[in-house]
Amino acid sequence: MSWRTRLLLGALFVLLAVLIAIWFTPFAVSNGIRLWVWWKGRQEGLIVKIDKIDAPLLRPVTLRGLKVTSTSGNAFRIELTATQASAALNLKSIRSVSIQQLRGELRHSNPAGRAITQRGWRTMQTLLPQNLTIGSAEVRVEDGPTVMLLRNAFLSASEIEAGRFYADEVMIASPWFRQTFSQLRGATSWQGNRLTVAALTLTRGFDLQSITADLSRIEKQRIGLEFDVDAFGGKLRASSSHEWHSPHFNWKLAGSATDISLAQTSEALGFTDRIDGLLHACNFSFHGNPGEPARVTASLWTELTRLTWRDRTAEAIMLGAALYNRQIQLQQLYIKQKTNQFTLSGEASFPSNSSDWLRPDFRGDISASINHLGDFASLFGANPGDFGGKIAIEGAMNARDRKIGGHITASGTSLRFFKTSIDALKAKLNLKATDLELEQLELNRKSDLLRAQGKIDLSHEHSYSGTFNATIGNVAEYLSIFRGPGENNIKPAPADIQVKIDSGNWDARGAIGLPDSSSINFTARFPFPVGTNWNAFLTFPLNVTLDFPSIFLGNAPQFFHPQVFRDGILSGKLSLSGTLRHPRIVGDVQLVNGKLQNTCLNLTEASGRVTFDGIRASLDFFNAATKDVDLSFRGDVDFHDTNDLTARIAASVPIFDLRPRTIDCVSKIEVESVAETLAPVVAELELRGGLFRSDWTMNLKEPMGIQSNGALILNETARKFSLCLGTGVDEKSLVLGAHPRPEPVKPRKPAKRR
């Protein structure tokens, strides 16, 4: 065979191979792409399904019916579908990608689940195209309570020409922010794997000049975001980057803001309460992981001017703070409000372990000159009418090497706290290594004087000691604190109270003088350690005595609102020992000629006596009257356990249950006059409940017969219901009846002589 023949055969074989390669290339490319996509998805815990792949020679590859879902063990729940995705390939990279009708949902559902591997991020970096087009996108991204929705969006981006972006709606919802932006239009740029969207008008007064997403280092598991905003008359610039390849998941944030109108901001965000003022300047930075505060570095400086919110105003508020190496430095917190000024500065250290929280390391200085306390208190949500006057505060506190020191002094004049006036205030507080000392506390109000001093042990025992002395000109002026607003008694009721505290044990005594009455004398001894709650206090031993020989109620200050007693004489002497849960009481209390009003019973007069004998008390007598009826009762009370009190009251005259209908809760008891009735007779009223609880019940018992010894047999389950006395619900009244008061016998007129 000649060389020419061999050359011709070789050329024919090459031509045949090329034709075979051209013939089988689409089939090989499509199956190769399907296998590669399946394999890469499987490595990242993804399930990828493709209905059909078209791979014509020298033309873009088209994937039809693309669906991507995540497996159950992934950190993110992913569901992506696209009717068609086309990619133009070259030997080095992907030249362009076009996606049609993209539907996607990304949810962070399992924080402990499988994340994307480093190999997967490198693959994503290589898949970034030179040109990108996404049409008709519907995307939902959810991370805990935060949700972002993108509806009917279009994006085109190219490295050689400007692209465009539009979306019918973008919604962002979180616990602190909720907003919807509609009909967004903007231009795009794609350079060096950095996507920029510019000229977006989000809402009136809020124009996004540019926002750039940096994906150039996604293979190193780092992304960045920068934006420049014209916000409500001012400027807002910020940049952030997130690097998650290290175990600390570092964030870097930096930004600044100038001259942003708070009124326009509150209106755009939909705040119900209008805020006026100006964010004059703000600079902030953050570097680290929020979950690891010990590694965080941050700084903040902000200045607000002409702030107004509801009835709260301030000319200027400045805050500067920094965080570095577990050290928090409050450079300045300054508040200026008319003639009020407040300054706070200091620094503190984050503890290295949980036990060091009880031994903090800090230093701080405080200075305040408040000439209108009501205006200053309103900044913190208080009612300005409840406070008033002038007060000055100076002090410094520090804690180093587990040693505490410092001092605070305060003085004020013409003060008003919760509508209670104080003519003068002096206070001095010293903080030492082992104790907190109240060196001086002195309050003056008219002729009233209160002095206190004491010391609290800051060691493990936390005991405290001190003295408290109060001289009060008229107790009635302070009763509104306990029973609400009401008329104060004109006549003064002076009081003198002394309290000594030794290692948490209280020893109190005092006397309250009442107009035209004997004074009320009391003593009390009880322990009250630091951290005691009410349930624990109920079990502490105590000794209390109370002596009031004669109180004329018509002249005494009224503890009830509205006023209950119009007249009467109350006397008694009581001695209490044991605990409040299981008390022992000895003594008696007597009411003579009491005149009543505004009670949950329609009684107008009452007199009675109760005798206490250890864990029981007897109602020796209780005589009462309404407008038409006279009543008389006797009874007894068992209070061995104040959580389960039982009082049994029996009437000396017949009383009747006039409305034997079902009542779920009795709010009022009325006694009516009845001459003759077939209503059931009530032989005994039994009350049960806890002294410090409201779940009281009443049981009306009817007589069933008489035993051989003459005792009455009672029906234990005649009627039983709950008590809600004083709620004012008329339809829940219990109506009892009694025979009317006998008419007085008129004397006969003498017969005329004829």
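These numbers were taken from a predicted model, which means no experiment stands behind them.
Put simply, the side chain of Leu373 does not reach to within 4.5 Å of the side chain of Asn340, judged on heavy atoms. Under the 4.5 Å side-chain criterion, counting only non-hydrogen atoms from C-beta, Asp547 is in contact with Pro549. Side-chain contact between Leu591 and Phe622 is absent, with no heavy-atom pair separated by less than 4.5 Å. In this structure, the side chains of Leu574 and Ile585 come closer than 4.5 Å at one or more pairs of heavy atoms. Here the side chains of Leu443 and Arg451 are not in contact, with every heavy-atom distance at 4.5 Å or above. A 4.5 Å side-chain heavy-atom check between Thr604 and Leu596 finds every atom pair outside the cut-off. Two residues are said to be in side-chain contact when any heavy atoms from C-beta on lie closer than 4.5 Å; Val544 and Leu542 meet this criterion. A 4.5 Å side-chain heavy-atom check between Phe721 and Leu700 finds at least one atom pair inside the cut-off.
A donor-acceptor contact closer than 3.5 angstrom links the side chains of Arg688 and Thr646. Looking only at atom types and distance, the side chain of Ser367 has a donor-acceptor partner in the side chain of Glu394 under 3.5 Å away. For the residue pair Asn430 / Glu439, a side-chain donor-acceptor distance below 3.5 Å is found, with atom types taken as modelled. Side-chain atoms of Arg445 and Ser421 form a donor-acceptor pair, as typed in the model, at a separation below 3.5 Å. A donor-acceptor contact closer than 3.5 angstrom links the side chains of Asn623 and Ser632.
Sorted by first and then second residue, the pairs that involve residues 605-615 and meet side-chain hydrogen bond (donor to acceptor under 3.5 Å, both in side chains), not counting sequence neighbours, are Lys595-Glu605, Arg609-Asp620, Thr611-Asp620. Applying the side-chain hydrogen bond (donor to acceptor under 3.5 Å, both in side chains) rule to pairs touching residues 529-543 yields nothing, sequence neighbours excluded.
Side-chain rings of Phe526 and Phe537 approach one another, their centers coming within less than 6.0 Å. If you look at Phe656 and His739, their ring centroids are closer than 6.0 Å.
Residue Arg312 places its CZ atom among more than 12 non-hydrogen atoms of other residues, nucleotides or ligands, all under 6.0 Å distant.
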May I have the step-by-step check of side chain to side chain contact (heavy atoms under 4.5 Å, CB included) for Thr642 and Phe692, ending in yes or no? CA-CA 8 Å; Thr642 53; Phe692 307 106; 4.2 Å; yes
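Of the inter-residue distances, the one linking Ile422 atom CD1 with Ser414 atom OG reads 11.0 Å to the nearest 0.5 angstrom. Interatomic distance, Lys428 NZ to His407 NE2, rounded to the nearest 0.5 Å: 9.0 Å. Put simply, CG on Asn643 and CZ on Arg693 are 5.0 Å apart, with the number rounded to the nearest 0.5 Å. The structure places OG1 of Thr413 at 11.5 Å from NZ of Lys426, a figure rounded to the nearest 0.5 Å.
In plain terms, the two heavy atoms of Gly614 and Val586 that are nearest each other are N-CG2, 4.1 Å.
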For residues 503-513, please give each side-chain donor-acceptor pair under 3.5 Å, one per line with the distance, not counting sequence neighbours.
| unit_1 | atom_1 | unit_2 | atom_2 | d |
| --- | --- | --- | --- | --- |
| Asn505 | ND2 | Asp502 | O | 3.4 |
| Trp506 | NE1 | Tyr464 | OH | 2.9 |

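Considering Asp588, Val589, Val637, Leu576 as possible partners of Phe612, the one that fulfils the side-chain contact (heavy atoms from CB on, under 4.5 Å) test is Val589.
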